[in-house]
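Working notes, structure below.
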Amino acid sequence: MASFFNRMRSSAGPSSQSSGLSPAKKDPNALQITPLEKFLLDAPPGPLREDGSDKFWGLENFGNTCYCNSILQCLYYSVPFREQVINYPKRTPLEAVTTTSTGQSRIDPNATILPPNHPSLTPARLVKQQPQGPSSARTAGGPTTTPKPEDKEHPEYKKRVAQARGPTISMTHDNTAAYGMPESLFTSLKDIFEALLAHKSNVGVVSPNKFLEVLKRENEMFRSAMHQDAHEFLNLLLNEVVANVEAHSKTLVDEEEERQKGMNCSVDKTEFEQALASAMPKVAPGNTGWVHELFEGTLTSETKCLTCENVSQRDEAFLDLSVDLDEHSSVTACLRKFSEEEMLCERNKFHCDRCGGLQEAEKRMKVKRLPKILALHLKRFKYTEDLQRLQKLFHRVVYPYHLRLFNTTDDAEDPDRLYELYAVVVHIGGGPYHGHYISIIKTQDRGWLLFDDEMVEPVDKSYVQNFFGDRPGLACAYVLFYQETILEAVKREQDAESLAAAAKAAAEVSKEPVGLGLKTNGFMNGIHHVKSVVTPATPTTEETNGYTSLDKVVTETSPLVEPPPQSPNEVTALPQIPASEMPTEDVKSKKERAKEEKERRAIARISARQEEKAEKERRKNLENKRKEMSKKADEDTRAAIEASKASKVEEDHRVAFENGTREAPKEGHSGPLGGLSRLKSTSKSFRKPRIFSREAGREEPVADADEDVASPTGQENAERPERSRHRFSGLRKRGSNMKLL
């Protein structure tokens with residue numbers, strides 16, 4: 001190192017000992033700005049927002065609290081949930097958040113992040129022995145070896161750097177007096193959210209000491225140092241928030257009733273006091289069911305008895321859906337399996353109220369009311385009888401960026417609601433009893449961010465798809481958060497992504513070297529030193545056109561002959577390049593071709609989306625037509641059944657007349673033939689019972705000579721083919737003396 005500094009001094013010329021202000025070479029061991037800082041510097045966030053959507057803070061891990069940090073980050077970046085927490089029962093003023101009632105400072109909202117070259121950021125403070133085991137999505141999988149302490153890319157080192165640079169908010173206090181509520185998990189959560197909004201820095205680290213203290217005090221299962229389940233913590237937190245808010249609302253109502261009773265019992269009030277009391281606004285409990293409105297949905301259990309076919313329904317609420325996993329499946333397939341029919345038989349028979357006993361039945365679950373925020377819990381941990389313990393399932397389960405639920409009831413409200421993925425909780429580890437949790441969250445206008453305790457880093461959108469469960473390593477998606485959206489917003493986002501990709505590709509093309517440099521000795525820089533590599537911004541089209549994309553071509557020419565060396569005192573004039581050989585036109589045309597290619601691809605994508613939309617509309621119209629035709633066919637079938645029933649009744653009446661089972665007609669009501677009025681039917685022949693020979697084994701009666709009397713006119717003969725199709729459709733008598741022609 002000393003020889004290095006001596007060479008640097010000799011090249012700079014003689015200098016005195018006080019020349020410490022001369023620029024020194026960049027120290028490779030010095031800290032660098034984090035990827036998040038670079039990300040924010042590329043596009044400055046501007047003035048702070050009042051809703052807190054531009055705060056990207058990490059949460060300190062106290063040994064085994066990663067389950068808590070990952071869930072809290074997902075809930076904070078849920079815009080409606082954050083707004084409800086901050087505004088209930090009312091929003092606290094900034095002074096009450098930063099200082100106590102006695103004037104003592106709680107947090108310093110003006111604290112800033114320390115620069116990388118700050119004297120306090122010494123290597124001795126940052127470099128420590130790092131724990132074993134995978135602790136991040138970037139190091140998941142592979143042997144659990146202890147990384148080198150000087151590995152600055154290790155997540156543990158980055159976490160210590162983030163915590164040392166600050167700013168840090170230590171949440172060891174509570175602000176329950178300003179809320180008018182007793183200390184609870186809700187007040188501790190509200191303290192964290194309001195502290196982030198009150199601070200003027202976009203980045204930093206929060207230490208949720210008070211929140212963890214209340215959590216462990218009220219729930220014994222979280223007091224140990226064992227690995228906890230993030231899904232169980234999510235359920236517990238949401239239920240505790242509901243209970244705390246409802247208890248506070250009930251307290252406000254009781255206090256208002258007591259105040260009204262006290263004012264009514266007072267007999268010494270003047271008219272002014274009575275008017276003032278009546279004019280004072282009553283304390284309203286406010287909206288206490290916002291957790292139910294956001295996360296709660298309704299499931300309908302439909303059970304059909306296979307004996308009497310009676311269908312019974314039972315509704316039940318849910319805050320999240322837990323779905324079983326199959327290998328090489330998707331979230332849609334898991335939801336379809338969740339709602340498929342289940343046979344209740346043998347020991348699981350259903351007690352039917354109509355039958356009055358246990359009967360075999362079919363059961364299925366459907367969604368009756370969709371929540372605004374859908375939390376999907378993937379059952380990665382399954383109990384196995386062979387091992388007598390829980391085991392983690394590394395099944396590949398694909399989850400989409402946008403989702404629609406199809407397993408809804410017929411009377412469901414807004415059954416075609418569209419959801420978008422905004423947060424993923426990832427479990428890293430080989431089993432349920434150890435591991436690590438991280439969260440990947442989509443922010444409002446900063447894309448996707450990786451939250452790993454104290455460390456926060458930007459990631460690409462494609463990075464979210466690395467946790468299906470089939471990648472090498474132990475990282476798998478565990479809880480998925482979907483929030484409602486509209487189709488127009490999805491299209492705007494896709495168009496913005498296409499424009500951003502085209503702009504990025506154009507910027508890369510503009511920065512591409514052209515291979516015409518000049519050496520200091522006057523000779524042109526060798527073209528063989530230049531390698532042109534273009535990374536395609538969009539997927540290649542090898543499968544569509546059969547040709548390999550030219551974006552993958554690496555241009556490397558053969559080396560040229562080096563010129564002879566010259567003395568340093570000799571001056572050689574630079575060679576003049578003819579204007580015809582200047583590559584400006586080629587470079588310009590290349591840029592134009594690249595730009596046109598990007599525009600063509602963008603137009604092709606837009607046209608493909610339009611064609612897909614038209615195809616969906618066509619399929620929808622065909623489906624509607626099919627439903628109308630099916631409905632019309634059902635109506636025709638019902639009409640035919642009704643006609644058949646009417647014909648059967650008519651035929652029964654006629655057969656009863658023929659066999660003498662009906663009463664004789666009243667007097668004065670006989671037809672031309674008296675009691676033989678049944679001859680008015682369209683039957684061609686009339687048979688006498690005694691002529692029908694059953695002993696002889698003849699199956700058909702013999703025609704009578706008076707056969708033509710039954711049909712004296714030709715009109716009845718013309719009607720015979722039509723009515724003969726329905727005459728004996730309902731006949732149930734064993735014998736008959738009539739012949740069907």
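Interatomic distance, OG1 of Thr99 versus CG of Asp108, reported as 12.0 Å (0.5 Å rounding). Note that CG of Leu189 and CE of Met171 are 10.0 Å apart. Values are rounded to the nearest 0.5 Å. Atom CD1 of Ile169 is separated from atom CG of Leu59 by 10.5 Å, given to the nearest 0.5 angstrom. The CZ atom of Arg160 sits 12.5 Å away from the CE atom of Met455 when rounded to the nearest 0.5 Å. Here Tyr422 contributes atom OH and Cys74 contributes atom SG; the two are 6.0 Å apart, rounded to the nearest 0.5 Å. Atom OG1 of Thr332 is separated from atom CG of Asn407 by 10.0 Å, given to the nearest 0.5 angstrom.
For the residue pair Glu194/Thr92, the side-chain donor-acceptor check at 3.5 Å is satisfied. If you check the side chains of Ser462 and Asp460, you find no donor sitting under 3.5 Å from an acceptor. At a cut-off of 3.5 Å, with distance as the only test, no side-chain donor of Tyr179 or Asp174 sits close to an acceptor on the other residue.
Checked for salt-bridge contact, Glu488 and Lys491 miss the test: no charged N lies under 4.0 Å from a carboxylate O. For Glu246 and Lys250, the salt-bridge test fails: no basic side-chain N is under 4.0 Å from an acidic carboxylate O. Ion pairing of Asp495 with Arg609 is present here, as a side-chain N (NZ or NE/NH1/NH2) and a carboxylate O approach within less than 4.0 Å.
Of the possible polar contacts, one joining the Lys190 side chain to the Tyr88 backbone as a donor-acceptor pair under 3.5 Å is found. Remark: side-chain polar atoms of Arg336 are not paired, donor with acceptor, to backbone N or O of Phe406 under 3.5 angstrom. Checked by atom type and distance alone, the side chain of Asn209 never pairs as donor or acceptor with a backbone atom of Thr172 at under 3.5 Å. Judged by distance alone, the side chain of Gln494 and the main-chain N or O of Ile606 form no donor-acceptor pair under 3.5 Å. Between the side chain of His154 and the backbone N or O of Glu156 there is at least one donor-acceptor pair closer than 3.5 Å. When atom types are taken as modelled, the side chain of Arg380 and the backbone of Cys476 share no donor-acceptor pair closer than 3.5 angstrom. Under the 3.5 Å distance criterion, the side-chain polar atoms of Gln444 are left unmatched by any main-chain donor or acceptor of Asp54. At distances below 3.5 Å, not a single donor-acceptor pair connects side-chain atoms of Arg165 with backbone N or O atoms of Ile113. Panel note: side chain Asn466, backbone Tyr463; a donor-acceptor pair is recorded below 3.5 Å. A donor-acceptor pair under 3.5 Å is absent between the side-chain atoms of Ser249 and the main chain of Val245, judged by distance alone.
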### Query
Does the side-chain contact (heavy atoms from CB on, under 4.5 Å) test come out yes or no for Arg369 and Glu296, once each step is laid out?
CA-CA 8 Å; Arg369 186 172 70 88; Glu296 186 180 88; 3.3 Å; yes
### Task
Determine, step by step, whether Asp453 and His436 satisfy the side-chain contact (heavy atoms from CB on, under 4.5 Å) criterion, reporting the C-alpha distance in whole Å, the side-chain angles of both residues, the deciding distance to 0.1 Å, and the verdict.
CA-CA 10 Å; Asp453 293 334; His436 182 61; 3.2 Å; yes
### Message
Run the salt bridge (charged side-chain N to carboxylate O under 4.0 Å, His left out) test on Glu493 and Lys442 for me, step by step, so that the C-alpha distance in whole Å, both residues' side-chain angles and the decisive distance to 0.1 Å come before the verdict.
### Response
CA-CA 13 Å; Glu493 180 182 354; Lys442 180 182 179 182; 2.7 Å; yes
### Message
Test side-chain contact (heavy atoms from CB on, under 4.5 Å) on Val85 and Val241; report intermediate values, then the result.
### Response
CA-CA 9 Å; Val85 170; Val241 169; 5.7 Å; no
### Message
Test side-chain contact (heavy atoms from CB on, under 4.5 Å) on Leu321 and Leu374; report intermediate values, then the result.
### Response
CA-CA 8 Å; Leu321 286 180; Leu374 177 63; 4.1 Å; yes
### Task
Quick one: do Asp191 and His173 satisfy side-chain hydrogen bond (donor to acceptor under 3.5 Å, both in side chains)? Show the steps, please.
CA-CA 9 Å; Asp191 290 338; His173 58 276; over 6 Å; no
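Counting heavy atoms from C-beta on, the side chains of Val398 and Gln465 never come closer than 4.5 Å. Under the 4.5 Å side-chain criterion, counting only non-hydrogen atoms from C-beta, Glu612 is in contact with Lys616. Within the 4.5 Å cutoff, no side-chain heavy atoms of Asp229 are placed close to those of Tyr67. Considering only heavy atoms from C-beta on, Asn64 stays 4.5 Å or farther from Met226 through its side chain. You'll find the side chain of Glu420 stays beyond 4.5 Å of the side chain of Val490, heavy atoms only. Between Cys68 and Phe222, the closest side-chain pair of non-hydrogen atoms is not below 4.5 Å. The side-chain heavy atoms of Tyr482 and Pro371, taken from C-beta on, include no pair separated by under 4.5 Å. Contact of the Phe338 side chain with the Val367 side chain is not registered, since no non-hydrogen atoms from C-beta on lie closer than 4.5 Å.
Enclosure of atom CD in Glu413 is not indicated, since only 12 or fewer non-hydrogen atoms of other residues, nucleotides or ligands lie within 6.0 angstrom. Other residues, nucleotides and ligands contribute more than 12 heavy atoms inside 6.0 Å of the NZ atom of Lys216.
Between Phe481 and Phe295, the ring center distance fails the sub-6.0 Å criterion. Residues His248 and Phe186 keep their aromatic ring centres 6.0 Å or farther apart. The distance between the ring centers of Tyr77 and Phe81 does not fall below 6.0 angstrom. Checked against a 6.0 Å centroid threshold, the rings of His427 and His231 do not count as neighbours.
Nearest heavy-atom pair across Arg91 and Glu50 is NH2-O, 2.8 Å. Contact detail for Val214 and Ser184: the closest heavy-atom pair is CG1-C, 3.8 Å. Between Val456 and Phe56, the closest heavy-atom pair is CG2-O, 4.2 Å. Scanning both residues, Gly429 and Lys392, for their nearest heavy atoms gives O-NZ, 2.9 Å. Heavy-atom minimum distance, Arg223 versus Arg217: NH2-O, 3.0 Å. The two residues Leu449 and Arg446 have their closest heavy-atom pair at CD2-O, 4.4 Å.
Note: Tyr478 and Tyr437 have tilted aromatic rings, judged against thresholds of 30 and 60 degrees for the angle between ring planes. Below 30°, between 30° and 60°, or above 60°: for His199 and Trp57 the angle between ring planes is above 60°, a perpendicular geometry. Ring-plane geometry between Phe193 and Tyr76 is classed as perpendicular, the angle between the planes exceeding 60 degrees on a 0 to 90 degree scale with a lower cut at 30.
Taking the ring centre of Tyr401 as origin, the terminal cationic atom of Lys461 falls inside the region bounded by 6.0 Å and 45° from the ring axis.
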